[in-house]
Amino acid sequence: MNLLSDTSIENNYENEGRLTLFVEVILPLAISKNYTYRIPYELNIEVKVGKRVVVQFGKNKVYTALIYKIGTRAPELYEAKYILSILDNEPITTENQLHSWEWMASYYMCSIGEIMNAALPSALKLASETRITLNREAEFDKSLLTDKEFLVVDALDIKAELTLNDIIKLLGQKTVMPIIKSLSEKRIIMVIEELQQGYKPRIESFVSLNPTYFDQDRLRDLFQVLERAPKQVDLLMTYLRLSKLKKEVSKKGLLEESASSPAVFNALVEKEIFSLEKKEVSRFKTDEIEIIRNFELSAAQQDALETIQAGFTENRPVLLQGVTSSGKTQLYIRLIEACIQQGKQSLYLLPEIALTAQMIERLKAYFGDKIGIYHSKFNDNERAEVWKKVLKGEYRIVLGARSSIFLPFTDLGLIIVDEEHENSYKQYDPAPRYNARDIALYLSKLHTASIVLGSATPSLESYFNVKSGRYRLASLQERYGGVKLPEIVITDLAQERKQRSMKSHFSGMLFRAMEQALERKEQIILFQNRRGYAPMLVCSTCAYTPKCVQCDISLTYHKHDHKLHCHYCGYKQTIFHLCPACGGTQIEQKGFGTEKIEDELAILLPNARITRMDLDTTRTKFGYQQIINDFEDRKIDILVGTQMVTKGLDFENVSLIGILNADAMLNFPDFRAFERSFQLMTQVSGRAGRRSDRGKVIIQTYQPQHKIIDWVKHNDIQSLYKSELAERSSFHYPPYFRLIQLDIKHKEIEKLNAAADMLGRELKQQLGNRVLGPEFPLVNRIRNLYIKTLLIKIEKENISLSRVKQVISESIAHFYRESEYKTTIIKIDVDPY
DNA sequence: AGCACGCCGACT
DNA sequence: GTCGGCGTGCTC
């Protein structure tokens with residue numbers, strides 16, 4: 001297809017007058033190709049790449065599509081349909097965005113339409129919805145209708161309009177089209193296909209004074225004339241006062257301030273003293289917050305800042321490894337300031353959970369209304385508004401969660417990815433299954449922007465990139481403001497048992513420390529990475545263990561509802577008191593979870609206020625926030641929790657952390673689990689003594705010599721990375737990447753296994769020993785489907801990602817044709833290290 | 001993603 | 001015999 005630049009289109013248009021243009025558009029669907037539409041002549045001059053158009057696609061569906069390419073040659077194999085309209089005056093996407101979409105589609109093996117779907121705020125996408133109404137003019141005999149048709153007509157008598165979904169619910173069946181079709185043919189109903197406009201700008205009326213009265217004398221005259229209308233004089237005075245304070249006076253603000261009625265206001269408009277103007281306004285408050293710019297960087301921070309800047313000049317991404325409370329945010333603020341001074345935009349990415357009101361306020365205080373916030377809690381209109389402001393360059397900084405990598409930056413100069421290791425940067429479902437951190441790295445190249453990845457516990461792949469010289473490392477190993485790092489001690493549970501100093505699941509050391517902390521009115525966090533009461537039940541007569549019927553995983557006993565839960569699929573069954581296998585009465589509980597700890601603490605420390613924080617106590621809408629608030633307000637002395645307590649919370653008064661069972665975290669099925677243990681223990685340790693010099697972490701273990709505990713003590717990711725443990729863990733640390741989640745669904749487990757094995761063999765044959773087949777199958781049962789996840793590891797040095805993807809696509813295609821099993825591959829996920 | 005079309009088991 | 005389930009293919 002002939003590509004034309006914008007100017008040449010106009011030239012051709014002028015020269016020939018009747019040039020036909022064709023546009024290739026991106027449809028918001030999971031279709032691998034783009035489709036070509038024809039432009040009506042009168043719209044020729046408006047056509048531009050990046051504008052949205054409305055097109056009909058398929059028989060009666062209307063979609064918003066995006067102009068991707070413009071050409072002049074008519075497609076040969078088919079007749080192109082006309083576009084119905086152009087929605088935008090200016091493109092809503094940038095060239096760089098379209099580049100990155102293209103790259104993402106190929107990298108994550110999905111369609112560009114799926115990328116667009118994820119990228120555009122839904123207010124910018126209009127989808128047509130089929131609505132059904134009764135044709136009032138039609139005359140028909142109700143007795144001639146089938147039962148189902150009658151039901152639909154009846155429902156339409158009551159409710160004027162129904163959607164397809166309404167009818168599906170009404171009839172209780174999935175295939176409703178034949179019924180609708182038949183009714184429509186009989187002209188009894190009408191089927192309406194209509195686009196629903198999403199984004200509505202907020203409009204406010206602004207008042208201005210007729211310029212005649214800018215003249216002082218005329219203004220004085222005006223007051224004379226109005227002498228007999230005191231209310232109007234009053235309103236006019238208020239206006240004059242407000243107009244000195246603000247650039248623009250809104251009608252709403254003026255009426256509120258003057259306590260005048262709209263009638264008085266209208267009178268002044270009638271007399272042409274006031275004029276009204278409607279303007280689009282922002283939904284976001286732009287209250288001027290006091291700007292605090294003065295803070296001093298510590299020597300360590302200054303050092304790190306210089307290292308980061310050196311990395312920038314070398315055009316290398318920088319990994320900033322800084323212990324918790326080391327003041328990374330202050331460094332980021334300095335970097336953003338420098339970026340603004342160069343007149344460029346900055347993007348500050350945070351995982352969703354770390355996007356707290358506190359964080360947002362803090363940055364707003366520095367950057368005022370130059371900063372835009374973008375995350376999933378925003379509604380559609382707000383998102384669309386941020387989008388437009390970023391495009392226009394009104395926002396110089398964006399603070400946002402993973403989806404903000406899709407915003408239309410025009411001149412990006414800096415990207416910060418905070419908590420780089422966080423799993424929540426990865427989108428797992430639906431496609432595109434992207435990792436915002438990796439996209440950020442790609443964007444930094446595309447925009448030639450600087451990028452910093454920050455974390456207290458970097459991911460091993462990022463650390464590998466430091467070791468291999470791709471990234472530059474900057475580190476901050478001391479806390480800001482001279483606060484000491486916590487003291488980390490290990491207590492040997494075998495020893496304590498021998499000396500009989502244990503108090504239920506607490507070592508003497510931990511228990512004494514807890515008593516002391518409570519005496520000093522300091523708070524305690526106890527970390528136990530297992531929820532429920534007991535993770536396993538065993539019959540002491542026959543060794544029977546209850547397992548999930550679906551997942552083959554031992555069931556956890558939950559005391560609060562006296563049920564056995566499967567933590568994998570959510571299956572529940574009631575507790576039994578006699579062994580279902582042998583009828584034995586002695587049933588033993590193995591291990592312990594947060595529920596049991598909470599129970600025992602209540603007995604051992606009856607005066608302490610104890611709260612548990614895990615999935616079970618935070619399931620309600622505000623449960624999580626409630627617990628956090630109570631803990632902050634010191635209404636809780638001891639917080640017992642699972643990994644939830646490790647994340648981004650900043651409690652001032654916590655002086656003691658207990659890791660109750662480190663051993664549960666020391667067996668590594670693969671290197672991700674291994675990395676995770678290190679991260680979780682390091683993160684929870686970092687919560688101790690953040691604002692005071694008194695911070696202590698006690699790690700309980702039967703394996704005090706275990707290396708990972710030692711590394712946690714020294715925040716030593718380097719040893720972790722180099723260790724023979726990593727070497728031995730069944731998944732190797734980088735330089736490898738893997739393709740994960742090649743999911744196959746089938747209803748029969750044997751066929752599924754056979755299919756997965758076959759695919760694994762095929763891949764191995766083609767790619768050699770560098771491929772790890774379905775050795776680590778993750779079999780899950782979701783409703784009545786079995787899903788199998790193939791984990792595939794490929795050595796990066798020897799084989800390119802594109803080759804891997806090619807072989808996988810080919811194998812799947814081949815496998816599909818040859819297979820006697822009817823198997824569907826439902827998703828493919830790329831997770832490069 | 002929708003939607004049409006075609007094939008096949010289980011109901012009046 | 002048809003109704004409604006599901007697999008397959010197409011949409012500019």
Side-chain angles (χ1 to χ4, degrees), chain A residues 1 20-40 43 47 52-85 105 110-120 122 125-132 145-152 163-165 167-168 170-185 191-196 429-432 744-748 751 783-785 812-813 816-817 819-827:
Chain A
M1 185 180 282
T20 309
L21 294 182
F22 292 90
V23 288
E24 194 181 320
V25 300
I26 305 172
L27 285 157
L29 302 171
I31 309 178
S32 54
K33 22 173 212 179
N34 289 327
Y35 287 77
T36 304
Y37 284 83
R38 189 178 171 140
I39 303 289
L43 291 180
V47 170
R52 290 173 304 155
V53 292
V54 179
V55 295
Q56 193 182 53
F57 185 69
K59 209 153 182 261
N60 46 19
K61 273 281 162 188
V62 184
Y63 291 99
T64 322
L66 194 83
I67 301 181
Y68 184 60
K69 279 173 186 170
I70 303 170
T72 50
R73 201 179 304 153
E76 283 155 22
L77 299 170
Y78 53 87
E79 188 76 9
K81 277 186 187 164
Y82 279 102
I83 63 157
L84 300 177
S85 64
C110 67
S111 79
I112 199 159
E114 285 173 298
I115 307 277
M116 181 173 82
N117 246 344
L120 290 184
S122 46
K125 293 177 286 187
L126 340 171
S128 75
E129 183 158 44
T130 313
R131 289 177 300 131
I132 287 104
L145 297 177
T146 66
D147 284 358
K148 286 184 178 173
E149 285 173 352
F150 185 79
L151 258 174
V152 175
T163 65
L164 274 186
N165 264 332
I167 294 176
I168 288 169
L170 177 73
L171 300 180
Q173 68 184 50
K174 278 181 193 164
T175 41
V176 293
M177 280 319 273
I179 296 156
I180 290 167
K181 215 173 138 190
S182 125
L183 279 171
S184 168
E185 273 163 11
V191 180
I192 307 166
E193 218 33 68
E194 215 169 7
L195 280 182
Q196 291 175 332
D429 221 35
I744 307 167
K745 66 173 182 183
H746 200 276
K747 287 175 189 162
E748 290 169 67
K751 288 192 180 178
R783 294 198 191 92
N784 56 353
L785 292 175
I812 290 169
Y816 231 151
R817 275 194 303 274
S819 169
E820 57 180 299
Y821 315 118
K822 284 176 188 161
T823 317
T824 318
I825 283 94
I826 59 170
K827 61 184 180 192

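Below, read A as the first sequence line, B as the second, and so on, with proteins coming before strands; counting in each chain starts at 1.
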Strictly below 4.0 Å: does [X] bring a side-chain N or O up to OP1 or OP2 of [N]?
| X | N | result |
| --- | --- | --- |
| Lys59(A) | dT11(C) | no |
| Tyr78(A) | dT11(C) | no |
| Lys81(A) | dC12(C) | yes |
| Tyr35(A) | dT11(C) | no |

Provide, to the nearest angstrom, the distance between the [atom1] atom belonging to [X] and the [atom2] atom belonging to [N].
| X | N | atom1 | atom2 | result |
| --- | --- | --- | --- | --- |
| Ile67(A) | dC12(C) | CD1 | C1' | 14 Å |
| Met116(A) | dA1(B) | CE | P | 14 Å |
| Arg38(A) | dT11(C) | CZ | C1' | 19 Å |
| Ile83(A) | dT11(C) | CD1 | P | 20 Å |
| Tyr37(A) | dT11(C) | OH | P | 11 Å |
| Leu29(A) | dC10(C) | CG | C1' | 12 Å |
| Gln56(A) | dT11(C) | CD | P | 14 Å |
| Leu77(A) | dC10(C) | CG | P | 14 Å |

>> My understanding is that only residues two or more places apart in sequence, or in another chain, count here; which of them pass side chain to side chain contact (heavy atoms under 4.5 Å, CB included) with Ala119(A)?
In response: Trp101(A), Phe406(A)
> Given Tyr37(A) and Phe22(A), is the ring pair (Phe, Tyr, Trp, His ring centres under 6.0 Å) satisfied, shown in steps?
Replying inline: CA-CA 6 Å; Tyr37(A) 284 83; Phe22(A) 292 90; over 10 Å; no
> Checking all strands, does Phe57(A) fall into the base, sugar-phosphate, or nothing category for heavy-atom contacts under 4.0 angstrom?
Replying inline: base
>> Can you list everything that forms a side chain to side chain donor-acceptor pair (under 3.5 Å) with Tyr68(A)? Sequence neighbours excluded, please.
In response: Glu102(A)
> Out of curiosity, Leu29(A) CG to Glu114(A) CD, how far, rounded to the nearest 0.5 Å?
Replying inline: 9.0 Å
>> As an exercise, state the distance from CZ of Arg38(A) to CD1 of Ile83(A), rounded to the nearest 0.5 Å.
In response: 12.0 Å
> What nucleotide among dG2(B), dA1(B), dC12(C) has an atom nearest to a side-chain atom of Ala80(A)?
Replying inline: dC12(C)
